[in-house]
Amino acid sequence: MSPQRNADAPHGLTRREVLKGAAAMGGLALCLRESGRIVLASQAPVYGVAAEPGGAVDNPLVFVAIHPDDTVTITVHRPEMGQGIRTSLALVVADELEASWPRVRVAQAPADQARYGNEDTDGSRSMRHFFEPMRRVGAAARMMLESAAAARWGVPVGEVTAEHQEVRHHGSDRRLSYGELAAQAARESVPRREQVRLKSPAQFRYIGQRNTRLADGADIVCGRAAYGIDTRLEGMLYAVVARPAVLGGKVAHFDAEAALAVPGVVKVVEIPSYPPPPQAYPLGGVAVLARNTWAAIKGREALKIRWDEGPNRRFDSRQFGEVLERAVRNPGKAVRNDGDAMAALRGAGRRIEAEYYLPFLAHASMEPPAATARIVDGRCEVWAPVQDPQGTRDLVTGLLGMKEADVTVHVTLLGGAFGRKSLGDFAGEAALLSKAMGGAPVRVTWTREDDIRHDYYQAAALEHLEAVLGADGMPLAWLHRSASPTEDATFTAGAEGEDSSEYGMGMINIPFRIPNIRLEVPGVPAYARIGWFRSVYNIAHGFAIQSFLDELAHAAGRDPREYQLALIGPARRIDPRTLSDQWNYGESPTLYPLDTGRLRAVIERATHEAGWGRSVPKGRGLGLAATYSFMSYAAAVIEVEVGAGGKIAIPRVDIAFDCGPQVNPDRVRAQLEGACIMGLTVAKHGEITFGDGRVLQSNFDDFPVMRISEAPRDIRLHLQPATFEVPLGGVGEPGMPPIAPALCNAIFAATGRRIRRLPIGQQLKTS
Amino acid sequence: MPLTLRINERSVPVEAAADTPLLWVLRDELGLTGTKFGCGIGLCGACVVHVAGQPVRTCVTPVAAAEGKPITTIEGVAHDRIGRVVQSAWLALGVPQCGYCQAGQIMSVVALLRNTPQPTDADIDAAMAGNICRCGTYARIRAAIHQAARQLREEP
């Protein structure tokens, strides 16, 4: 059944038009004529999910199907990449629905934002934006079951209650299971949004509880879970692609003869290069299609290709470092200017200056990019592990010159993503190759080398900070210049300078009580594909600002914790616009002010739990960092031991975290544990460099990531309690930014060595 | 060339060049996609299976080297009690995030517990350092290994 597109109808009447009995589901297989998209009533500024393409849909008929065997299928429209969203969104629906979790099956929505609402999974937004809509989905479905039971018994609906997978009549204690009611409930009208009765938080059965079974856990431990790389279709060809090593390069000439001689190789196909900017287009190159992946890999090795490398062939990241240095050492235009920082910096007081460097980073998700496509009777189907299903659908639609209605994108599990799979260039390759093969099914698999060399990289950044301290040691002035290629350059040729959403990540909204603040974002070009890496520009900003605060505290002879708390000042709720932050992660500045009380509280909690101030053996030290990102507050205290030869051990990590109420506390913890490890990898190991336009790393030997043997064994998480009155914060990303600065501050405490350049690598080896 | 593999207690004929890595035979020829591709050069452990009881990186193991020997993949790991105990510890502690590396992790753990029923943290580091988890589930992996070892000890 093809989705209906008239999505702007107001919520209510049209949602009552129910199509019942879709055969595939049986029973209450509900489809709806009209999308229940939430529509805006006013001209006021639009924030949150309403500002996202597709908005939110809260129609139970789109998301819930109840079957005669009493199982419940809940459709989750946000891709699963390890954040646990297939579990967490489904349990929200199940809770309000009063479904029994063991009876719940989770289905994954295909790309269709008009039907399901926004599916673009980034920005730590899934639960923040869909908690309330999914509660309404579950509650409305529950009310339809109650209506069906009341009608069956001929009693007022007020005399029945749905509870734990059955509806009960109070007067007679009659009961009907959800399965028994499914068909009749399908014919009930959908309650209007204002009529939907939500539970009170005290009634939650799964929300806020621990130990909810993971939707995909059993499949994962048995090897049944299906990722993008696992799609298998009858007659499928396996492809690998030789892509230009330099961004913007093209095939000048290729000779396929030797490749075609490799047993199992079927065909060699050129993929065209697209003019800049790179966007989500395939990079071009030469594809080898074979009967299995290994033959395709061997065939690719046998290709002879001459490349026209294009204008980026001299890009060198060491020279780019000098570009960044020039950019941050010259005055520029301010994006925030309180008082007169330049005058104050020339005035009396102790002046401190430092620069902090973050290199380019690759995501290196364990599943490299992979996607499958086929074209049958003018319709293209794609199976892909993509964070932005609709974006991939739009890309394939454009690449193939087809109509959107003729392109289906099935979303598989994502074997990690961390921002890489926001852009579906690899799915575009699969679609182009299927077309070149007359519609035959083709799976493209990227090798690890392909993944490391052709990523959308987190941008390198150089952060220049200056401050002048007054007699009390507190800053009178603060100058911060952040030079980093903008992700906008991926979509707009020549774009330079961090945009408001990039300097909005932890740079512009510093809540410190400093009379003179000047923030600048000088423009620097992008020579590589720039993308989003978990917590994005917060990584560089958080590393720089939290390291610099530590430097200032030491310069002032004060304890870093006490110093930061003094700089933050008393608990207050700051309208981000007063900090020149017009972006605020797209959220309402009144619903989501920057709450310094909450920031203080995570610092106080993390330091208290970690025993801040305790004496530690020689060679050990404690470091603190605290950041606010994605509407959540995080503070980390890391204990480090620096041994002989600069070897780093991390005996203990304490993280205090306030994301407002926790819908699925165990997954919140899992995300913090993961962010800790990923943050430590950024601190210790991760570095992508370029020479002659090429990425110089290729695999886990030269782009190492943290392994269990160096991972901290003792990560203590301290979740701040919050009621459901508090709006939800993000979870997937905000654990990242404090980790690297907390580690480096700890290293300073332990050794007196200040790390200003990531990764730490071998820097501690020399004395 | 025609080969016969013994996989998960079944004999399976396959047609593959002798030097084809076992990984691609499992995944592409036999559809056993639980064994994952992660790096292709033996660095990440996503492709670990057991060959004659030993953990082996299939991305660098020629299929001919496994001929005639018993092979156990993640799809067959539940045939073995240790395997089942490890799987249940993984679920009880909610180890997986994206889950992609977990088949390789579990295969490495089962081999560890078979040889070292009560591993120390140092044993775990030594046995598991070859398995990368980019999601960073290491703390739970360690805890789940200890839990599985405890269960195997208490309910032999």
Side-chain angles (χ1 to χ4, degrees), chain A residues 80-84 211 213-214 216-227 229-230 232 238 263-264 291-294 297 363-368 413-418 445 447-449 666-667 670-671 673-678 681 699-701 705-709 711-713 715, chain B residues 16-17 19-21 23-25 27-29 31-41 43-44 46 73-78 86-88 90-92 94-106 121-122 124-126 128-142:
Chain A
E80 173 65 63
M81 50 183 160
Q83 80 279 45
N211 304 321
R213 172 182 58 82
L214 284 172
D216 299 302
D219 284 344
I220 287 169
V221 302
C222 295
R224 285 194 305 259
Y227 300 85
I229 204 170
D230 297 330
R232 290 165 59 83
Y238 297 79
R291 294 286 169 211
N292 59 66
T293 313
W294 183 243
I297 290 171
H363 301 78
S365 56
M366 290 311 294
E367 179 197 36
L413 291 177
L414 283 62
F418 315 113
T445 300
T447 63
R448 179 59 56 196
E449 289 79 8
D666 186 60
R667 287 303 96 187
Q671 285 302 295
E673 291 159 10
C676 177
I677 300 300
M678 191 165 271
T681 290
N699 208 314
F700 292 119
D701 48 356
V705 301
M706 180 159 274
R707 293 170 183 271
I708 195 170
S709 48
R713 293 177 191 172
I715 302 174
Chain B
D19 64 347
T20 305
L23 171 68
W24 301 113
V25 175
R27 289 183 52 83
D28 295 352
E29 308 301 329
L32 293 170
T33 54
T35 302
K36 298 303 191 213
F37 169 68
C39 70
I41 54 174
L43 293 175
C44 80
T73 70
I74 188 67
E75 290 90 349
V77 77
V86 170
Q87 286 174 322
S88 74
W90 245 241
L91 294 178
V95 172
Q97 289 186 29
C98 87
Y100 189 81
C101 75
Q102 298 297 345
Q105 303 278 2
I106 288 169
D121 280 326
I124 291 170
D125 286 346
M128 302 301 297
N131 288 81
I132 293 174
C133 173
R134 186 62 161 145
C135 296
T137 62
Y138 298 131
R140 294 197 194 207
I141 287 174
R142 185 182 301 278

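Predicted model, so just to flag it, every value in this text is computed and none were measured. Chain letters run A, B, ... following the sequence lines, proteins first, then strands; residues in each count from 1.
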Quick one: pull up [atom1] in [X] and [atom2] in [Y] and give me the separation to the nearest 0.5 Å.
| X | Y | atom1 | atom2 | value |
| --- | --- | --- | --- | --- |
| B/Trp90 | A/Leu214 | CH2 | CG | 13.5 Å |
| A/Met706 | B/Ile132 | CE | CD1 | 12.0 Å |
| A/Asn292 | B/Trp24 | CG | CH2 | 9.0 Å |

Between [X] and [Y], is any pair of side-chain heavy atoms under 4.5 Å apart?
| X | Y | value |
| --- | --- | --- |
| B/Asp125 | A/Arg713 | yes |
| A/Ser709 | B/Met128 | no |
| B/Cys44 | A/Met366 | yes |
| B/Thr137 | A/Glu673 | no |

Could you have a look at [options] and say which one has the most heavy-atom pairs with chain A under 4.5 angstrom?
| options | result |
| --- | --- |
| B/Cys133, B/Cys39, B/Cys135 | B/Cys39 |
| B/Leu32, B/Ile141, B/Val25, B/Thr33 | B/Thr33 |
| B/Asp121, B/Val77, B/Ile106, B/Thr73 | B/Asp121 |

What residue, out of [options], has the most heavy-atom pairs lying under 4.5 Å from chain B?
| options | answer |
| --- | --- |
| A/Ile229, A/Asp701, A/Ile715 | A/Ile229 |
| A/Glu449, A/Glu80, A/Arg213, A/His363 | A/His363 |
| A/Ala670, A/Ala218, A/Gly217 | A/Ala670 |

Give, as side chain, backbone, both or neither, the part of [X] having an atom under 4.5 angstrom from any heavy atom of chain A.
| X | answer |
| --- | --- |
| B/Gln102 | side chain |
| B/Ala78 | neither |
| B/Leu43 | both |
| B/Thr20 | both |

For [X] against [Y], the heavy-atom pair lying closest together:
| X | Y | value |
| --- | --- | --- |
| A/Ala711 | B/Tyr138 | CB-CD1, 3.7 Å |
| A/Phe700 | B/Gly38 | CE1-O, 4.0 Å |
| A/Leu414 | B/Cys98 | O-CB, 3.5 Å |
| A/Val221 | B/Gln87 | O-NE2, 2.8 Å |

Under 3.5 Å donor-acceptor, [X] side chain and [Y] backbone:
| X | Y | result |
| --- | --- | --- |
| B/Arg134 | A/Ser365 | no |
| B/Gln97 | A/Gln83 | no |
| A/Arg232 | B/Arg27 | yes |
| A/Tyr227 | B/Tyr100 | yes |

> Can you check side-chain contact (heavy atoms from CB on, under 4.5 Å) on B/Asn131 and A/Ile708, steps first, answer last?
Replying inline: CA-CA 8 Å; B/Asn131 288 81; A/Ile708 195 170; over 6 Å; no
>> I'd like to know if B/Asp28 pairs up with A/Arg291 as an ion pair, taking the criterion as any Lys NZ or Arg NE/NH1/NH2 lying under 4.0 Å from an Asp or Glu carboxylate oxygen.
In response: no
> Does a salt bridge link A/Glu367 with B/Lys36, judged by any charged N lying under 4.0 Å from a carboxylate O?
Replying inline: no
> Non-hydrogen atoms of chain B under 4.5 Å away: do they reach the side chain of A/Ala225, the backbone, both or neither?
Replying inline: backbone
